[in-house]
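Shown next, in structure tokens, is the structure this report addresses.
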Amino acid sequence: MVRTAGGLSFRLDTRALLAGALLLAVAAAAAVALIGTGDYPMTPSQVLTTLTGGGTTAQEFIVHELRLPRVLVGLLVGAAFGIGGAVFQAVSRNPLGSPDVLGLAQGSSVGALVVLVWFHGGTFAVAGGAVAGGVLTGLAIFLLAWKRGVHGYRFVLVGIGAAAMLYAVVLFLLTKATLYDAARATTWMTGSLNGRDWSQVWPLAAVCAVLVPPVLLAARPLRMLEMGDDAAAALGVRTERVRITVLLAAVVLVAAGTAAAGPISFVALTAPQLARRLTRSPGPNLLPAALMGAALLLAADWAAQRIFGADQLPVGVLTGVLGGGYLLWLLVTERKAGRV
């Protein structure tokens, strides 16, 4: 417990701080390694020198124009998915309550495909369609799951049902697309950081700057919500107002991240749980989840570029393979515990 000169006191979780510092260091190291990876390899010292303004003209162009935007998009998308997943799992009180499991990724895919197939939209129009699709899906799931409040398993079951229906819509839209639009849609739906530039960085950074601080400020009420609505209300938490506010912010964060990089799967599912296991702290662990998501996505993107030689995979393929295995392990664990 730390006490200030003014008489205020707050609890300082040393392990959580150390875990956050470790995750920040891992994310920074992965960013430097990813910037140095490519047809023109660079050592970490060259990357750091170039980032501080001391590189050659060629190195400055490669770093600032080609690789740094990709890394920043990866950091922002990973953080948005991590904090969005933590909010969904805290509100649903279920480890399966992740945006990609509950249909937000499929909703964003439907929105993007509608713009692609029916209107033949460009990059920014597709991104806008993805955001609109994700937000509308989140609102629909919330309303369908509402019955004198939102409760965990009803929320998860409605989301899983919505995901199945929306995936069918995705397949239908693909059958109506031209060969060119179908190829564009498939590439976007895989989830990738390839070709990302500053035009994707700034909108996503603005969304995160606006929405992440209020979500972080809601960490204490979210922690109380995990004890149940009655207990939280007795402690002065306006349960439904908090739930609606943080869910809306999380939906927009996840939708914006999906619009920037495609529906990269399982980062939102795994990051909050890995962060909680690392910190061993109760509550949603919002900031560690954001840092874990950023570190996971950059590490996966670096691995997707390096471990398969000349055949570079989109990062969504690698996270899907690893996340699918994690989901199976989670289902087995939950069944043994008698929760599913």
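Worth saying up front: this structure is predicted, and the values here are computed from it rather than measured. These values consider heavy atoms only, across backbone and side chains, with no hydrogens, waters or symmetry-generated copies.
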Using the rule that Ile, Leu, Val, Met, Phe, Trp and Tyr join whenever any side-chain heavy atoms are under 4.5 Å apart, tell me whether [X] and [Y] fall into a single cluster.
| X | Y | answer |
| --- | --- | --- |
| Leu248 | Val215 | yes |
| Val210 | Leu253 | yes |
| Val254 | Val170 | no |
| Val252 | Val110 | no |
| Leu51 | Met42 | yes |

Can you name the nearest heavy-atom pair linking [X] to [Y], along with the distance?
| X | Y | answer |
| --- | --- | --- |
| Ala300 | Thr319 | CB-CG2, 3.8 Å |
| Pro213 | Cys208 | CD-O, 3.6 Å |
| Leu102 | Ala163 | C-CB, 4.3 Å |
| Ala112 | Val126 | CB-CG1, 3.7 Å |
| Ala259 | Ala127 | CB-O, 3.3 Å |
| Gly191 | Ile264 | CA-CG1, 3.8 Å |

Hey, does [Y] have a side-chain heavy atom less than 4.5 Å from the side chain of [X]?
| X | Y | result |
| --- | --- | --- |
| Phe266 | Leu322 | no |
| Leu104 | Phe88 | yes |
| Ser98 | Gln89 | yes |
| Gln305 | Val315 | no |
| Phe124 | Ser199 | yes |
| Ile244 | Phe142 | yes |
| Met292 | Asn285 | no |
| Arg241 | Thr245 | yes |

Kindly list each side-chain donor-acceptor pair under 3.5 angstrom involving residues 130-141, sequence neighbours excluded, with atom names and distances?
residue: Thr137; atom: OG1; partner: Gly133; partner atom: O; Å: 2.7

Which atom pairs, donor and acceptor, lie under 3.5 Å between side-chain atoms of residues 53-61 and protein residues at least two apart or in another chain?
residue: Thr56; atom: OG1; partner: Gln59; partner atom: N; Å: 3.2
residue: Gln59; atom: OE1; partner: Thr56; partner atom: N; Å: 3.1

Open item on the list: Can you list everything that forms a salt bridge (charged side-chain N to carboxylate O under 4.0 Å, His left out) with Arg196? Sequence neighbours excluded, please.
Closed with: none

Open item on the list: With a 6.0 Å cut-off (strictly less than), is the heavy-atom count around CZ of Arg280, excluding the residue itself, greater than 12?
Closed with: no

Open item on the list: Quick one, Thr279 with Arg15, criterion side-chain contact (heavy atoms from CB on, under 4.5 Å). Give me CA distance, side-chain angles, the key distance, then yes/no.
Closed with: CA-CA 6 Å; Thr279 62; Arg15 183 183 177 91; 5.5 Å; no

Task: Residue pairs fulfilling side-chain hydrogen bond (donor to acceptor under 3.5 Å, both in side chains) with at least one residue in residues 251-273, sequence neighbours excluded - done: Gln273-Tyr326

TODO: Determine which pairs satisfy side-chain hydrogen bond (donor to acceptor under 3.5 Å, both in side chains) with at least one residue from residues 108-120, sequence neighbours left out, and list them in order.
DONE: His120-Asp181

For residues 66-77, which side-chain N or O atoms pair as donor and acceptor with protein atoms under 3.5 Å away, sequence neighbours left out?
residue: Arg67; atom: NH1; partner: Ile35; partner atom: O; Å: 2.8
residue: Arg67; atom: NH1; partner: Tyr40; partner atom: O; Å: 3.0
residue: Arg67; atom: NH2; partner: Tyr40; partner atom: O; Å: 2.8
residue: Arg70; atom: NE; partner: Asp301; partner atom: OD2; Å: 3.0
residue: Arg70; atom: NH1; partner: Asn194; partner atom: OD1; Å: 2.8
residue: Arg70; atom: NH2; partner: Asn194; partner atom: OD1; Å: 3.0
residue: Arg70; atom: NH2; partner: Asp301; partner atom: OD1; Å: 3.0
residue: Arg70; atom: NH2; partner: Asp301; partner atom: OD2; Å: 3.0

With ILVMFWY side chains joined below 4.5 Å, transitively, what does [X]'s cluster contain besides itself?
| X | answer |
| --- | --- |
| Leu179 | none |
| Leu18 | none |
| Val26 | Leu22 |

Task: For Thr187, side-chain hydrogen bond (donor to acceptor under 3.5 Å, both in side chains) partners two or more places apart - done: none

Task: Test item: side-chain donor near acceptor, Thr190 and Ser192, under 3.5 Å - done: no

- [ ] Any ring-ring contact (aromatic ring centres under 6.0 Å, His included) involving residues 169-223? Give me the pairs, sequence neighbours left out, ordered by first then second residue.
- [x] Trp198-Trp202

Task: Of all pairs that satisfy salt bridge (charged side-chain N to carboxylate O under 4.0 Å, His left out), the ones with a partner from residues 122-139, not counting sequence neighbours - done: none

TODO: Could you tell me whether the side chain of Gln200 and the main chain of Ala261 form a donor-acceptor pair under 3.5 Å?
DONE: no

